[in-house]
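As the structure is a computational prediction, the values presented were derived from the model and not from experiment. Reminder, nothing fancy here: chain letters follow the sequence lines and each chain counts from 1.
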Amino acid sequence: MAEVTELLGAIVTEALDRAKADGLLEGEVPEPTFERPRRKDHGDWATNVALVASAGGNPRSLAEAIVERLPASDIVRSVEVAGPGFLNFHLSPRWLHDIVTRAATEGSGFGRSNIGNGEKVNVEYVSANPTGPVNVVSGRQAAVGDAISSLLEATGHEVTREFYVNDAGRQIELFGESVGARYLQLHGQDAAIPEEGYQGEYLVDLVKELSDGLGDELLNAPADERNKKLGRIALDTMLAQMSATLERFGTTFDVWFSERTLHEAGEVEAALEALRATGRVYENDGAVWFRSSDLGDDKDRVLVRSDGTPTYLSADAAYVLDKFGRGFERLLYLWGPDHHGSIVRFLAAVESLGLERDRVEVSIVQVVSLMRGGEAVKSSKRAGSIVPLEQLIDDVGPDAARYIFLQRSMEAPLDFDLDLAREQAPENPVFYVQYAHARICSILRKAADEGVAAVDATSAPLERLEHGSEDDLMRALATYEDVIPEAAYKRAPQRVTNYIEELASTFSSFYRDCKVVTEDADLTAARLALCVATKNVIADALSLLGVSAPERM
RNA sequence: GCGCCCGUAGCUCAGCUGGAUAGAGCAUCGGACUUCUAAUCCGAGGGUCGGGGGUUCGAAUCCCUCCGGGCGCGCCA
């Protein structure tokens with residue numbers, strides 16, 4: 001939280017206490033909240049606390065009473081009551097200078113806060129089946145998961161980034177059978193990929209790669225053993241490829257969590273026991289069912305199939321217990337659109353297990369449609385689920401891909417304009433923002449070339465910043481301290497992209513109006529400090545998004 | 001049919017733990033380069049915030065309802 005609002009909060013609270021002592025206020029004294037009004041003539045900061053506190057009374061007269069009782073403060077220039085009862089504060093420009101100084105000073109923690117209070121958060125995302133290359137939809141999940149994780153870290157949470165590896169179950173068997181078939185085909189034998197198996201060409205290449213190290217000893221092994229062994233090796237290779245792709249995309253995980261270990265360690269069985277203990281488990285048709293319909297689900301769900309194999313729901317139950325068992329206080333799940341239907345049953349299981357449901361947040365990261373020339377690529381609404389992420393990175397680069405993935409709220413389907421993403425022009429927001437950063441670097445280089453002393457933000461005569469464009473830019477910087485907590489709280493990285501675009505635009509106007517490096521040494525020093533502050537904020541915001549901030553373009 | 005998501009400018013979308021005159025980009029139109037990056041900037045037009053009800057001092061935001069679109073509703077993942 002910005003330092004100004006703490007200060008304002010203190011004096012308004014004091015005034016409220018006095019008003020209460022004078023009998024003008026009934027009930028609890030509310031905590032005042034502050035916002036930056038849209039309109040400039042509504043002051044620098046405003047609070048609606050009188051509207052909140054008057055509860056049926058007259059908000060305006062309460063507001064007047066608050067103003068009369070405000071203790072003196074050297075940062076507040078004037079306060080007025082406006083509209084239905086807002087308190088509008090006009091502040092000394094010093095609060096903006098303080099913003100510039102802090103933003104320009106490395107390590108000041110500008111934009112950082114500790115509202116998370118060290119809460120241990122597990123963010124699980126991507127978690128794509130390790131049976132094929134990472135696709136574009138997973139890429140969107142990676143970008144969103146990374147950004148949300150970074151935002152949580154920036155607001156004082158202790159974050160673990162986790163990838164759940166679905167390395168158990170029927171899909172993995174099918175994968176092994178598919179690999180086995182490709183292996184036999186490679187060795188000139190007639191073999192068919194199972195109908196439900198993985199037909200993709202990538203397995204041909206994968207098997208080719210593997211076979212160098214394998215020789216042909218598996219050719220004569222029993223099919224079951226061959227498929228299992230090949231499947232295991234192929235899966236490890238696939239995972240390594242996925243990891244490499246994600247790394248190229250700028251995503252690294254703290255934990256790759258194997259589903260298989262849940263089964264092997266008996267955690268799935270333990271979770272089933274725990275569910276049984278709730279009395280919401282019964283048998284029917286030889287299968288074990290969970291009475292999720294008690295907890296908002298349409299119908300009951302199978303936990304153990306009649307052939308004795310557990311469903312994903314069972315593993316998910318074990319997994320959520322495991323996560324809490326590892327000491328996490330909050331769990332974020334980012335699931336793909338195909339898991340839409342399983343949220344309710346999963347949360348029902350969470351609740352049944354006696355876990356706090358509101359510590360478990362499940363969000364869907366929606367589909368991506370790649371657009372080229374105004375048309376959906378491959379005439380498929382879901383192009384994103386079949387196009388490899390590698391291809392997108394080759395096409396537009398990791399920065400543009402990440403940025404565009406983050407521009408929209410994750411719950412909304414995304415139209416990804418490939419033409420725009422590739423464009424090196426201001427129409428492309430990624431380049432627009434990066435360009436502003438590079439331009440500032442260019443100014444700083446110019447200053448250095450001309451022998452101007454390095455910026456000392458603490459001593460720069462910031463009172464020389466009097467131009468309207470300078471004022472706008474300082475105010476834009478101040479907003480950063482509100483944007484980061486809000487974006488983190490809402491799990492909304494698009495707030496950050498919106499913000500940087502606005503900041504970059506405000507900077508561009510400043511650039512037009514105010515020449516930085518001039519004969520006027522004081523003014524130059526002040527403007528350079530403003531430039532450094534802006535550069536830091538752009539770079540910091542981009543780094544939260546996992547997008548680079550180039551020094552030149 | 002049930003559940004979730006979406007419906008805001010011509011297009012793509014922000015804004016939605018209620019706040020003062022609803023925003024951006026693209027597109028359209030009109031301007032600005034002897035300048036630290038014109039890879040830019042300035043201006044203009046463009047809106048029943050899907051419709052209707054309700055709660056509130058105040059609703060794009062919350063509630064109800066209807067309409068339209070997407071997705072999900074397997075002993076698949």
Side-chain angles (χ1 to χ4, degrees), chain A residues 33 35 37-39 41-42 46-48 51-52 54-60 82-86 88 128-129 131 166 169-172 174 196 284-289 296-299 301-313 336-345 363-364 366-367 371 374 381-382 407-409 411-417 420 423-429 431-432 434-436 438-447 449-450 486 489-490 492 494-495 497-499 501-502 505 508-518 524 527-528 531 552-553:
Chain A
T33 57
E35 58 173 24
R38 276 186 183 285
R39 293 169 49 108
D41 51 305
H42 288 154
T47 179
N48 65 349
L51 293 151
V52 174
S54 69
N58 185 336
R60 273 199 76 105
F86 288 98
N88 292 340
N129 276 346
T131 51
N166 294 132
R170 179 73 187 133
Q171 291 308 309
I172 293 305
L174 280 169
E196 304 261 88
N284 190 28
D285 292 339
V288 179
W289 294 75
D297 203 356
D298 297 355
K299 51 182 116 172
R301 307 290 170 175
V302 170
L303 289 164
V304 183
R305 302 183 188 94
S306 49
D307 67 0
T309 58
T311 60
Y312 263 69
L313 180 58
D338 47 339
H339 289 72
H340 200 129
S342 19
I343 297 179
V344 174
R345 76 189 71 154
S363 307
I364 295 297
Q366 267 298 348
V367 289
M371 311 292 285
K381 192 85 181 149
R382 290 211 205 169
Q407 268 191 300
R408 306 290 173 236
S409 98
E411 307 251 327
L414 173 72
D415 281 346
F416 191 114
D417 186 337
L420 182 63
E423 209 159 328
Q424 312 268 320
E427 291 74 35
N428 179 350
F431 282 87
Y432 182 79
Q434 290 183 321
Y435 178 73
R439 187 180 240 176
I440 295 172
C441 293
S442 168
I443 294 172
L444 297 178
R445 282 194 296 272
K446 156 110 177 167
D449 286 350
E450 301 200 356
E486 277 176 24
Y489 176 77
K490 302 274 248 180
Q494 76 274 11
R495 294 229 176 181
T497 60
N498 284 341
Y499 169 74
E501 285 165 43
E502 198 181 305
S505 164
S508 294
S509 299
F510 158 79
Y511 172 83
R512 178 205 62 225
D513 294 335
C514 303
K515 191 162 164 77
V516 176
V517 182
T518 63
T524 299
R527 285 181 173 168
L528 280 173
C531 284
R552 37 181 111 226
M553 294 174 73

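Judged by atom type and distance alone, Asp41(A) does not reach the base of A20(B) through any side-chain donor-acceptor pair under 3.5 Å. With hydrogens and angles ignored, no donor-acceptor pair closer than 3.5 Å exists between the side chain of Asp298(A) and the base of G3(B). In the interface, the side chain of Ser442(A) is not paired with the base of C36(B) through any donor and acceptor atom under 3.5 Å apart.
Of the candidates G19(B), A38(B), U12(B), G19(B) carries the atom nearest the Pro84(A) side chain, counting heavy atoms from C-beta on. Residue Arg512(A) has its side chain nearest to C42(B) when only C42(B), G19(B), C73(B) are considered. Among the nucleotides G19(B), C73(B), C41(B), the one closest to the side chain of Arg301(A) is C73(B). Comparing C36(B), A77(B), U17(B) against the side chain of Arg345(A) picks out A77(B) as the nearest. Distances from the side chain of Lys299(A) to the nucleotides A77(B), C41(B), C73(B) place C73(B) closest. For Asp415(A), counting side-chain heavy atoms from C-beta on, the closest listed nucleotide (C41(B), A20(B), C13(B)) is C13(B). Taking only side-chain atoms of His42(A), from C-beta outward, the nucleotide of C36(B), A20(B), U17(B) with the closest atom is A20(B). In this structure, of A77(B), C36(B), G19(B), it is C36(B) that holds the atom nearest to the side chain of Val516(A).
Nucleic acid contact class of Ala447(A) (heavy atoms, under 4.0 Å, all strands): none. Residue contacts for Ala287(A): at a heavy-atom cut-off of 4.0 Å it reaches a base atom on one of the strands shown. Contacts of Thr309(A) with the nucleic acid, taken as non-hydrogen atoms under 4.0 Å apart, are absent. Asn88(A) comes within 4.0 angstrom of a nucleotide base, judged by non-hydrogen atoms across all strands. Using a 4.0 Å heavy-atom criterion, one finds that Ser306(A) contacts the bases of the nucleic acid, with or without backbone contacts as well. Residue Pro429(A) is classed as having no contact, given no heavy-atom separation below 4.0 Å to the nucleic acid. Residue contacts for Arg170(A): at a heavy-atom cut-off of 4.0 Å it reaches no nucleic acid atom on any strand shown. Among the atoms of the strands shown, base atoms are found under 4.0 Å from some heavy atom of Asp285(A). Among the protein residues, Asn129(A) comes within range of the sugar-phosphate backbone only, with heavy atoms under 4.0 Å from sugar or phosphate atoms but none that close to a base. Counting any heavy atom pair closer than 4.0 Å across all strands shown, Cys514(A) reaches a base atom.
Regarding contacts with the backbone of C76(B), a side-chain N or O of Arg305(A) is found under 4.0 angstrom from either OP1 or OP2. A close approach under 4.0 Å does not occur between any side-chain nitrogen or oxygen of Gln434(A) and OP1 or OP2 of A39(B). Distances shown here put a side-chain N or O of Tyr511(A) below 4.0 Å from the OP1 or OP2 atom of A38(B). Proximity of Ser409(A) to the phosphate of C13(B): no side-chain N or O atom is located under 4.0 Å from OP1 or OP2.
In this structure, the side chains of Ile172(A) and Thr131(A) come closer than 4.5 Å at one or more pairs of heavy atoms. Using a 4.5 Å heavy-atom cutoff, the side chains of Val302(A) and Leu313(A) are not in contact. Under the 4.5 Å side-chain criterion, counting only non-hydrogen atoms from C-beta, Phe86(A) is not in contact with Pro59(A). Annotation: side chain of Pro310(A) is not in contact with side chain of Leu303(A) (no heavy-atom distance under 4.5 Å). Side chains of Arg552(A) and Cys441(A) form no contact here, defined as non-hydrogen atoms less than 4.5 Å apart. Side-chain contact check for Val517(A) versus Glu450(A): some heavy-atom pair is nearer than 4.5 Å. You'll find the side chain of Gln494(A) stays beyond 4.5 Å of the side chain of Gln407(A), heavy atoms only.
In this structure Tyr499(A) satisfies the side-chain contact (heavy atoms from CB on, under 4.5 Å) test together with Thr479(A), Tyr480(A), Val483(A), Leu503(A), Val537(A), sequence neighbours excluded. In this view, Phe416(A) and Phe405(A) satisfy the ring pair (Phe, Tyr, Trp, His ring centres under 6.0 Å) rule, not counting sequence neighbours.
C76(B) has no stacking from Tyr312(A) on its base ring, since the centres under 5.5 angstrom apart and planes within 30 degrees of parallel are not both found. Under the stacking definition used here (centres under 5.5 Å, planes under 30°), the residue Phe86(A) qualifies as stacked on the base of A20(B).
For the P atoms, the distance from G51(B) to A9(B) is 11 Å, rounded to whole Å. Annotation: A77(B) and G54(B) have their P atoms spaced 49 Å apart (nearest Å). For the C1' atom pair drawn from G52(B) and C29(B), the interatomic distance equals 38 Å after rounding to whole Å. Rounded to the nearest Å, the gap between the C1' atom of G50(B) and that of U8(B) is 10 Å. Taking atom C1' on both nucleotides, U56(B) is separated from G69(B) by 32 Å, rounded to a whole Å. Taking atom C1' on both G18(B) and C73(B), the two are 34 Å apart, rounded to the nearest angstrom. A distance of about 16 Å separates the P atoms of C62(B) and C49(B), rounded to the whole Å. Only the C1' atoms considered, A38(B) is 38 Å distant from A60(B), to the nearest whole Å.
Distance, Asp307(A) CG to C76(B) C1': 13 Å, rounded to whole Å. Distance Leu414(A) CG to G25(B) C1': 14 Å, rounded to the nearest Å. The distance between atom NE2 of His339(A) and atom C1' of C71(B), rounded to the nearest whole Å, is 14 Å. Rounded to whole angstrom, the span from the NE2 atom of His340(A) across to the C1' atom of C76(B) amounts to 17 Å.
Other residues, nucleotides and ligands contribute over 12 non-hydrogen atoms within 6.0 Å of the CZ atom of Arg170(A). Few gaps surround CD on Glu501(A); more than 12 heavy atoms of other groups in view lie less than 6.0 Å from it.
Position along RNA chain B of the nearest nucleotide to Ala438(A) versus Trp289(A) favours Ala438(A) as the more 5'-ward residue. Along RNA chain B, the nucleotide closest to Leu444(A) and the one closest to Gly286(A) are compared, and the more 5′ of them pairs with Leu444(A).
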What dot-bracket string describes RNA chain B from 5' to 3', counting Watson-Crick and G-U wobble pairs whose defining distances are under 3.5 Å, with [ ] for crossing pairs and | for pairs to another strand? (((((((..((((.....[...)))).(((((.......))))).....(((((..]....))))))))))))....

